[in-house]
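To start, the structure under review is shown below, and the notes come after it.
Residue numbering restarts at 1 for every chain, and letters A, B, ... go by the order of the sequence lines. Values reported hereafter were calculated over all heavy atoms of this structure, with side chains retained and with hydrogens, waters and symmetry mates removed.
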2 protein chains.
Amino acid sequence: MFSKSCEYGLRAVLFIAKQSTADTKVSLTTISESIDSPQAFTAKILQQLTKSGFVQSSKGPYGGFFIEKENLPTIKLSDIVSVLDGDSIYTGCGLGLHQCNEKEPCPLHFKFVKIRENLKNMLETNTLSMVVKDMNSDIFHLKI
Amino acid sequence: MFSKSCEYGLRAVLFIAKQSTADTKVSLTTISESIDSPQAFTAKILQQLTKSGFVQSSKGPYGGFFIEKENLPTIKLSDIVSVLDGDSIYTGCGLGLHQCNEKEPCPLHFKFVKIRENLKNMLETNTLSMVVKDMNSDIFHLKI
DNA sequence: ATAATAAAGGATAATTTTGTCCTCTATTAA
DNA sequence: TTAATAGAGGACAAAATTATCCTTTATTAT
């Protein structure tokens, strides 16, 4: 479904978001240990996310990654996915055709449209605050 | 969503299925030209599909690939996807966790379940005959 | 039997994705 | 101003996916 980058990225963002509700910055080491991801690779992903503005970072002692509290209700899961995987997952043809649309559909076009709409809708309606709220229940986890 | 192998494989299977309704065998060259896929790579994919039994082949002149007519109503899209991409797309965690289930869910587990069920259902309810029927309408295409 | 056709299969190459390592820069406290 | 901490960024490496090439095997018609 998603690339490894996107999987790690989403897990990292959810972890950072959770900590940010308590105004806690988190270091790369803490993040990669908490979400069980390769550290250096995770660093690259976080670079993309800070460049895109969804995640903030500060260098030096007491530095780390965080997300501005006021942004938690506005950042959608789809924002993160778009940065890391583009939006071919929403728009691309299930059979990999370049031109596949209502007028020139592949034989599965109308069947895939529904599924993609579902996915798109789920990712666009869920904000970081909404997901973080769920994470207060301790049945949810981000590793293994 | 799917790997390139799976995209080419599905396109090839749909093309072969269509021709098979008219008892026509099709050569690799015809297939790869008709679905606009790399020929040698498509050959490898077809090897997997013949080994799995969903596609038949015969060597020599007048040979080629075909699907037994009586199998068209029983072969589901999910069968082809399973051969080429496995079924991690149905069972895998959206965030890439190894252990993610009802009891130990990732924070997005219950949201992803619905989407995966949708996809699974679509692929399992659509047989080759059903899709081939649609393909009689000439708005549908398999290339570009 | 021979030539032609077409898939099967092994070896290899190119590309993309995933992952690591090392140095540079910024920040903080002492 | 120095030492320690932590992200940024460039270069490189490993692995997986995608793709090609060439030889072998099977089948058919002549």
Side-chain angles (χ1 to χ4, degrees), chain A residues 1-13 15-16 19-20 24-67 81 83-86 88-89 92 95-96, chain B residues 1-13 15-16 19 24-67 83-86 88-89 92 95-96:
Chain A
M1 176 131 288
F2 300 130
S3 68
K4 280 284 163 200
S5 294
C6 193
E7 289 176 354
Y8 296 145
L10 283 168
R11 274 148 67 189
V13 164
F15 179 75
I16 298 167
Q19 305 305 311
S20 291
T24 307
K25 290 178 196 166
V26 277
S27 72
L28 174 60
T29 303
T30 304
I31 294 170
S32 63
E33 280 170 0
S34 303
I35 68 172
D36 194 38
S37 68
Q39 182 163 329
F41 190 48
T42 306
K44 296 297 181 193
I45 296 164
L46 287 169
Q47 272 178 43
Q48 289 185 260
L49 292 169
T50 52
K51 270 185 192 161
S52 71
F54 294 113
V55 172
Q56 276 69 46
S57 70
S58 62
K59 289 186 178 182
Y62 301 87
F65 295 92
F66 61 101
I67 297 171
V81 172
V83 169
L84 299 173
D85 275 1
S88 71
I89 196 158
L95 300 184
Chain B
M1 175 131 287
F2 300 130
S3 67
K4 280 284 163 199
S5 294
C6 193
E7 289 176 354
Y8 295 146
L10 283 168
R11 273 148 68 188
V13 163
F15 179 75
I16 297 168
Q19 305 305 310
T24 307
K25 288 177 198 167
V26 277
S27 72
L28 174 62
T29 304
T30 305
I31 295 169
S32 64
E33 280 171 359
S34 303
I35 68 172
D36 195 37
S37 67
Q39 183 163 326
F41 190 50
T42 307
K44 297 296 180 193
I45 296 164
L46 288 169
Q47 274 178 41
Q48 289 185 260
L49 292 170
T50 52
K51 270 185 193 162
S52 71
F54 294 113
V55 172
Q56 275 70 45
S57 71
S58 61
K59 289 185 175 182
Y62 300 86
F65 296 91
F66 61 101
I67 296 171
V83 169
L84 299 173
D85 275 0
S88 71
I89 196 158
L95 299 185

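Interface remark: the A/Gln47 side chain does not form any donor-acceptor pair with the D/dG7 base, using a distance-only criterion of under 3.5 Å. Under 3.5 Å, the side chain of A/Lys4 and the base of C/dT18 form no donor-acceptor pair of N or O atoms. Side-chain atoms of B/Lys44 come within donor-acceptor range of the base of C/dG10, with a qualifying N/O pair under 3.5 Å.
Using a 4.0 Å heavy-atom distance criterion, B/Val55 is classed as making no nucleic acid contact.
Along DNA chain C, the nucleotide nearest to A/Gly60 and the one nearest to A/Phe2 differ in position, and the one closer to the 5' end is contacted by A/Phe2. Ranked by how close their nearest DNA chain D nucleotide is to the 5' end, B/Tyr62 and A/Thr29 are led by A/Thr29.
Taking atom CG of residue B/Leu28 and atom P of nucleotide D/dC22, one finds them 16 Å apart after rounding to whole Å.
Among the nucleotides D/dA8, D/dT20, D/dG9, the one closest to any side-chain atom of B/Pro38 is D/dT20. Set against D/dA19, C/dG19, C/dT20, the side chain of A/Ala40 has C/dT20 as its closest nucleotide. Nearest nucleotide to the A/Ser57 side chain, out of D/dG9, D/dA8, C/dA7: D/dA8.
Qualifying ring pair (Phe, Tyr, Trp, His ring centres under 6.0 Å) partners for A/Phe54, counting only residues two or more places apart in sequence or in other chains: none. Considering only residues two or more places apart in sequence or on other chains, B/Ser37 meets the side-chain contact (heavy atoms from CB on, under 4.5 Å) condition with B/Tyr8, B/Ser32, B/Ile35, B/Thr42.
Taking only side-chain nitrogens and oxygens, A/Thr50 comes nearer than 4.0 Å to OP1 or OP2 of D/dA8.
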